[in-house]
Engineer: 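Sharing a structure here in structure tokens format.
Model, not experiment: these values are computed from the prediction. The first residue of the sequence shown is numbered 1, and numbering continues consecutively from there.
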Amino acid sequence: MQPILVTGGTGTLGRAVVWQLAEDGREVRVLTRRADGETEPYRRMVGDLTTGTGLSAAVSNVEAIVHCATGKRDVEATRNLVTAARSSGENPHLVFVSIVGIDHIDLPYYRTKLATEQVVAESGLPFTIQRATQFHDLIARILASQRWSPITVVPRRFRFQPIDTRDVAQRLSELVASDPTGRATDIGGPDVIGMDRLARIYHSVHGQRRRVVQVGLPGFVASAFAAGHNLTPSSTVGTIDFEQHLADHTQRGTT
């Protein structure tokens, strides 16, 4: 089998994808700006998505590209990746990770994601776009950012369906082994749950006794979240809930 290239392979999701692909017996390449690093189950390919340097070698002879890299220049980076992939003559399956609700929630980052989806769809490559709900890690970071405050403040009426990156990685590995589908069915975690309840779970797992205060937020973005455009309750692919995620990471000392 030909190798799989993972962009963003050292990030939160990318690491899980790399390990899942390796566990599934696939040869993995990771695009990285640095050649050094700890021994991992993949080959490091030095390159830069924003400049295009090193991409030709990275995409050479690959069967698929799992595009997990993300940043402020996503559109430009993805165009460079597509150009390199099309020039390789291999016609690899491009699997792109996106976010549920980006066509309804008017955040700048979401607008960039939506534009990047368009680049993928118009790339001329066989492609699959997989939208997922917010990761457990994001919810945990938001709550952890308030650790020095005497109370935890959360937006009223906001619900999330957080999913574990391990569940997303498993889904992406399945997509790599399947035919391109264009826009795949959205995926989400096992529970739709209010932000106030997520905060209480977070405090309970960490042995904290803190007051959770809900506040109303104005504007179209807040209304979109309150309306549940970030949810996909009919597609509960994830099996690891928020409490289990926190417990796993607490045991490893990473949360």
Engineer: Name all pairs fulfilling the salt bridge (Lys or Arg N to Asp or Glu O under 4.0 Å) condition that reach into residues 114-142, sequence neighbours left out, sorted by first residue then second.
Structural biologist: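 Pairs touching residues 114-142 that pass the test: Asp103-Arg131, Glu117-Arg131.
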Engineer: Run the side chain to side chain donor-acceptor pair (under 3.5 Å) test against Arg200 and tell me which residues pass, sequence neighbours left out.
Structural biologist: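 Listed in chain order: Asp196.
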Engineer: Any non-hydrogen side-chain atom of His93 less than 4.5 Å from a side-chain atom of Val176?
Structural biologist: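 No, every pair of side-chain atoms sits at 4.5 Å or beyond.
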Engineer: List the steps and the verdict of side chain to side chain contact (heavy atoms under 4.5 Å, CB included) for Leu31 and Val6.
Structural biologist: CA-CA 6 Å; Leu31 185 69; Val6 180; over 6 Å; no
Engineer: Would you name the heavy atoms of Ala140 and Tyr202 that are closest together and state the gap between them?
Structural biologist: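 That would be O-CE1, 3.9 Å.
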Engineer: In this structure, are over 12 heavy atoms from other groups packed under 6.0 Å from Glu243 atom CD?
Structural biologist: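 Open: at most 12 neighbouring heavy atoms sit under 6.0 Å from CD of Glu243.
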Engineer: Looking at Gln146 and Val153, would you say the former's side chain and the latter's main chain have a donor-acceptor pair under 3.5 Å?
Structural biologist: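 Yes, the answer is positive, given that a donor and an acceptor are paired below the 3.5 Å cut-off.
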Engineer: State, yes or no, whether a side-chain contact exists between Gln2 and Glu90 at a heavy-atom distance under 4.5 Å.
Structural biologist: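 With C-beta onward as the side chain, the pair touches.
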Engineer: Salt bridge (charged side-chain N to carboxylate O under 4.0 Å, His left out) with Arg73: which residues, sequence neighbours excluded?
Structural biologist: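 Salt bridge (charged side-chain N to carboxylate O under 4.0 Å, His left out) check on Arg73 returns Glu76.
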Engineer: Does some side-chain heavy atom of Arg211 sit less than 4.5 Å from a side-chain heavy atom of Thr152?
Structural biologist: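 With C-beta onward as the side chain, the pair stays apart.
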Engineer: With a 4.5 Å heavy-atom cut-off, do Phe127 and Ile129 have their side chains touching?
Structural biologist: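 In short, these two side chains touch, coming nearer than 4.5 Å.
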Engineer: How is the hydrophobic cluster of Met1 composed, in terms of its other members, when Ile, Leu, Val, Met, Phe, Trp and Tyr link through side-chain heavy atoms under 4.5 Å apart, directly or indirectly?
Structural biologist: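 For Met1, no cluster forms, as it stays isolated from other hydrophobic side chains.
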Engineer: How far apart are the C-alpha atoms of Asp74 and Thr116, what are their side-chain angles, what is the distance that settles it, and do they pass the side chain to side chain donor-acceptor pair (under 3.5 Å) test?
Structural biologist: CA-CA 6 Å; Asp74 272 353; Thr116 306; 4.6 Å; no
Engineer: Would you indicate whether the side-chain heavy atoms of Leu125 and Pro92 approach each other to under 4.5 Å?
Structural biologist: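 Yes - at least one pair of side-chain heavy atoms lies under 4.5 Å apart.
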Engineer: How many angstroms lie between atom CD of Gln161 and atom CG of Leu231, to the nearest 0.5 angstrom?
Structural biologist: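 One finds 6.0 Å between CD of Gln161 and CG of Leu231.
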Engineer: Under a 4.5 Å cut-off applied to non-hydrogen side-chain atoms, are Pro162 and Leu138 in contact?
Structural biologist: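 Not touching, per the 4.5 Å side-chain cut-off.
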Engineer: For Tyr110, what residues pass the ring-ring contact (aromatic ring centres under 6.0 Å, His included) criterion, not counting sequence neighbours?
Structural biologist: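 If we apply the ring-ring contact (aromatic ring centres under 6.0 Å, His included) test to Tyr110, skipping adjacent residues, there are no hits.
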Engineer: Classify the ring geometry between His245 and Phe242 as parallel (under 30°), tilted (30 to 60°) or perpendicular (over 60°).
Structural biologist: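 Parallel, since the angle between the ring planes stays under 30°.
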Engineer: Applying salt bridge (Lys or Arg N to Asp or Glu O under 4.0 Å), which residue pairs with at least one partner in residues 213-240 are found, sequence neighbours left out?
Structural biologist: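 Non-adjacent pairs meeting salt bridge (Lys or Arg N to Asp or Glu O under 4.0 Å): zero.
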Engineer: For the CG atom of Leu55 and the CG atom of Leu81, what is their distance to the nearest 0.5 Å?
Structural biologist: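 Leu55 atom CG to Leu81 atom CG measures 6.5 Å (nearest 0.5 Å).
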Engineer: Say you draw a straight line from OG of Ser145 to CZ of Arg147; how long is it, rounded to the nearest 0.5 Å?
Structural biologist: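 Here the rounded value is 8.0 Å.
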Engineer: In the structure I gave you, are the side-chain heavy atoms of Val30 and Val18 within less than 4.5 Å of one another anywhere?
Structural biologist: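 Sidechains of Val18 and Val30: in contact.
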Engineer: Carefully, step by step, assess Thr70 and Tyr109 under the rule side chain to side chain donor-acceptor pair (under 3.5 Å).
Structural biologist: CA-CA 10 Å; Thr70 187; Tyr109 180 62; 2.6 Å; yes
Engineer: Checking Glu63 now: which residues fulfil side chain to side chain donor-acceptor pair (under 3.5 Å) with it, not counting sequence neighbours?
Structural biologist: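 Scan of Glu63 (side chain to side chain donor-acceptor pair (under 3.5 Å), adjacent residues dropped) gives Arg26.
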Engineer: Sequence neighbours excluded, which residues qualify as ring-ring contact (aromatic ring centres under 6.0 Å, His included) partners of Phe96?
Structural biologist: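 Only His67 meet the ring-ring contact (aromatic ring centres under 6.0 Å, His included) criterion with Phe96.
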Engineer: Partners of Asp241 by salt bridge (charged side-chain N to carboxylate O under 4.0 Å, His left out), sequence neighbours excluded?
Structural biologist: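 Scan of Asp241 (salt bridge (charged side-chain N to carboxylate O under 4.0 Å, His left out), adjacent residues dropped) gives none.
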Engineer: With sequence neighbours left out, write down each residue that passes salt bridge (charged side-chain N to carboxylate O under 4.0 Å, His left out) with Arg210, or none if nothing qualifies.
Structural biologist: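 If we apply the salt bridge (charged side-chain N to carboxylate O under 4.0 Å, His left out) test to Arg210, skipping adjacent residues, there are no hits.
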Engineer: For residues 173-185, which residue pairs pass the salt bridge (Lys or Arg N to Asp or Glu O under 4.0 Å) check, not counting sequence neighbours?
Structural biologist: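 Pairs touching residues 173-185 that pass the test: Arg171-Glu174, Arg183-Asp186.
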Engineer: Let me confirm one number: the CG-SG distance from Leu172 to Cys68, rounded to the nearest 0.5 Å.
Structural biologist: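 So the gap between those two atoms works out to 6.0 Å.
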Engineer: Quick one: sort the Phe158 and Phe225 rings into parallel, tilted or perpendicular, breaks at 30° and 60°.
Structural biologist: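 Judged by the thresholds at 30° and 60°, the geometry between Phe158 and Phe225 is parallel.
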Engineer: Are Ile65 and Val95 side-chain neighbours, meaning at least one heavy-atom pair lies under 4.5 Å?
Structural biologist: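 They are not in contact (no side-chain heavy atoms under 4.5 Å apart), so the answer is no.
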Engineer: List for me each residue that meets ring-ring contact (aromatic ring centres under 6.0 Å, His included) alongside His104, sequence neighbours excluded, and say none if there are none.
Structural biologist: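 Listed in chain order: His229.
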Engineer: Tell me whether Ser60 contacts the main-chain N or O of Ala57 through its side chain, where contact means a donor paired with an acceptor under 3.5 Å.
Structural biologist: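 Here the side-chain-to-backbone pair does not exist.
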